> 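One structure, pasted below without further comment.
Keep in mind that this is a model prediction, so the values were computed, not measured. Just follow the structure's listing: the first ligand is 1, and inside any ligand the first atom is 1. Both backbone and side-chain heavy atoms feed into the values below; hydrogens, waters and symmetry mates do not.
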Amino acid sequence: MKILVLNGPNLNLLGERETEIYGEDSLVDINFSLEDTYPEVDFTFIQSNSEGDLITWIQNSEGENDGIVLNPAAYTHTSVAIRDAISSVSVPVVEVHLSNLFKREESFRQLSLTAGVSKGVISGFGKFSYFLAVEFFLRESS
Ligand code: DQA
């Protein structure tokens with residue numbers, strides 16, 4: 001099983017940035033831990049601050065990956081272009097967020113433009129949101 005774990009803007013700062021919201025683990029910690037936990041999965045880990053790069057990775061996943069675990073970060077709330085990229089491929093996307101978007105104070109965070117074209121959304125379980133998404137792909141394929 002090939003899974004692309006795709007992370008959007010500012011997630012390269014995990015472990016340093018607003019740790020009370022996003023936790024103490026760095027993105028590298030999370031990625032290592034996913035690899036350790038699921039040795040049977042062939043992971044590709046990508047983080048980009050650029051909307052266009054994220055779109056290209058989603059487009060290029062067609063025929064390449066069995067699933068995408070996507071944290072679009074702030075683009076969740078703004079990007080029609082990422083939404084369209086998800087709609088354009090047949091690869092299933094599970095949207096993940098470390099924080100619970102519906103508990104956040106800023107109301108704009110409660111809107112996801114990408115959720116409606118994703119297979120599902122996992123939000124609020126910290127780093128475990130990523131693990132739950134991988135579990136979904138493994139269980140669905142078994
Ligand atoms: C986030 C939530 C977004 O609102 C925010 O812009 C992020 C991280 C999360 O994982 O909780 O950068 O996607």
Side-chain angles (χ1 to χ4, degrees), residues 1-62 64-141:
M1 152 125 349
K2 291 182 79 175
I3 296 181
L4 171 64
V5 181
L6 188 56
N7 281 287
N10 302 305
L11 293 171
N12 53 313
L13 300 179
L14 280 185
E16 300 165 35
R17 162 197 185 213
E18 299 177 280
T19 52
E20 65 295 350
I21 300 174
Y22 299 120
E24 303 277 343
D25 289 293
S26 70
L27 193 55
V28 172
D29 293 336
I30 295 173
N31 292 346
F32 271 138
S33 183
L34 284 169
E35 265 182 337
D36 258 17
T37 310
Y38 302 107
E40 70 274 40
V41 176
D42 181 359
F43 285 110
T44 303
F45 297 107
I46 301 293
Q47 186 278 328
S48 177
N49 292 328
S50 145
E51 188 175 20
D53 284 351
L54 296 169
I55 291 165
T56 301
W57 276 100
I58 293 168
Q59 289 180 359
N60 291 346
S61 264
E62 190 72 6
E64 250 326 291
N65 290 290
D66 302 303
I68 302 175
V69 176
L70 173 65
N71 186 344
Y75 288 134
T76 306
H77 319 296
T78 63
S79 181
V80 175
I82 292 178
R83 178 189 169 98
D84 286 350
I86 297 170
S87 297
S88 304
V89 295
S90 62
V91 188
V93 172
V94 174
E95 178 173 325
V96 299
H97 299 282
L98 296 137
S99 63
N100 179 348
L101 296 184
F102 306 98
K103 235 171 140 178
R104 301 289 298 269
E105 273 171 26
E106 307 102 328
S107 58
F108 68 83
R109 291 195 199 273
Q110 288 161 22
L111 172 72
S112 168
L113 296 187
T114 43
V117 291
S118 297
K119 177 87 185 165
V121 179
I122 300 169
S123 180
F125 298 94
K127 68 176 176 183
F128 299 115
S129 293
Y130 292 87
F131 290 75
L132 293 170
V134 173
E135 283 289 335
F136 163 72
F137 285 123
L138 287 175
R139 282 163 195 257
E140 199 202 26
S141 74

> Ignoring hydrogens, just give me the one of Gln110, Glu95, His77 whose non-hydrogen atom is nearest atom 3 (C) of ligand 1.
His77

> For Ser99 and Tyr22, work out which heavy atoms get closest and say how close.
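Shortest heavy-atom separation between Ser99 and Tyr22 comes out as OG-CE2, 4.0 Å.
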
> To the closest 0.5 Å, what do you measure between CZ (Phe43) and OH (Tyr38)?
7.5 Å

> When you measure from the side chain of Ser123 to the backbone of Leu101, do you find a donor-acceptor pair of N or O atoms at a distance under 3.5 Å?
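Yes, because the side chain of Ser123 sits within donor-acceptor range (under 3.5 Å) of the backbone of Leu101.
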
> Does Asn71 have a non-hydrogen atom less than 4.0 Å from ligand 1?
yes

> What atoms of ligand 1 come within less than 4.0 Å of a heavy atom belonging to Ala74?
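The list of qualifying atoms is 6 (O), 12 (O).
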
> Can you tell me the protein heavy atom closest to atom 11 (O) of ligand 1 and the distance?
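Minimum-distance protein heavy atom for atom 11 (O) of ligand 1 reads Ser99 OG, 2.6 Å.
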
> If we only count heavy atoms from C-beta on, is the Tyr130 to Asn71 side-chain gap below 4.5 Å?
yes

> Less than 3.5 Å between some nitrogen or oxygen of Val96 and one of ligand 1, yes or no?
no

> List every atom of ligand 1 that sits less than 4.0 Å from any heavy atom of Arg109, numbering the atoms from 1 in the order shown and giving each element.
3 (C), 4 (O), 5 (C), 6 (O)

> Write out the residue and atom name of the closest protein heavy atom to atom 9 (C) of ligand 1, then the distance separating them to 0.1 Å.
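Atom 9 (C) of ligand 1 sits closest to the protein heavy atom Leu98 N, 3.4 Å.
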
> Could you tell me the separation between the CG atom of Leu98 and the CD1 atom of Ile30, rounded to the nearest 0.5 Å?
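One finds 5.5 Å between CG of Leu98 and CD1 of Ile30.
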
> Nearest to atom 8 (C) of ligand 1, what protein heavy atom do you find, and at what distance?
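Checked against all protein heavy atoms, atom 8 (C) of ligand 1 sits closest to Tyr22 CE2, 3.5 Å.
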
> Can you name the residues that form a salt bridge (charged side-chain N to carboxylate O under 4.0 Å, His left out) with Asp25, not counting sequence neighbours?
Lys127

> Among all protein heavy atoms in this structure, tell me which lies nearest to atom 1 (C) of ligand 1, with the distance rounded to 0.1 Å.
His97 ND1, 3.7 Å

> Please say whether Arg17 places an N or O atom under 3.5 Å from an N or O atom belonging to ligand 1.
yes

> Could you check whether Gln47 and Asn49, counting side-chain N and O atoms only, form a donor-acceptor pair closer than 3.5 Å?
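The criterion, which ignores hydrogens and geometry beyond distance, is satisfied for Gln47 and Asn49.
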
> With sequence neighbours left out, what residues match Glu62 under salt bridge (charged side-chain N to carboxylate O under 4.0 Å, His left out)?
none

> Which bit of Leu101 gets closer than 4.0 Å to ligand 1, counting heavy atoms only: side chain, backbone, both or neither?
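Looking at Leu101 and ligand 1, just side chain atoms fall under 4.0 Å.
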
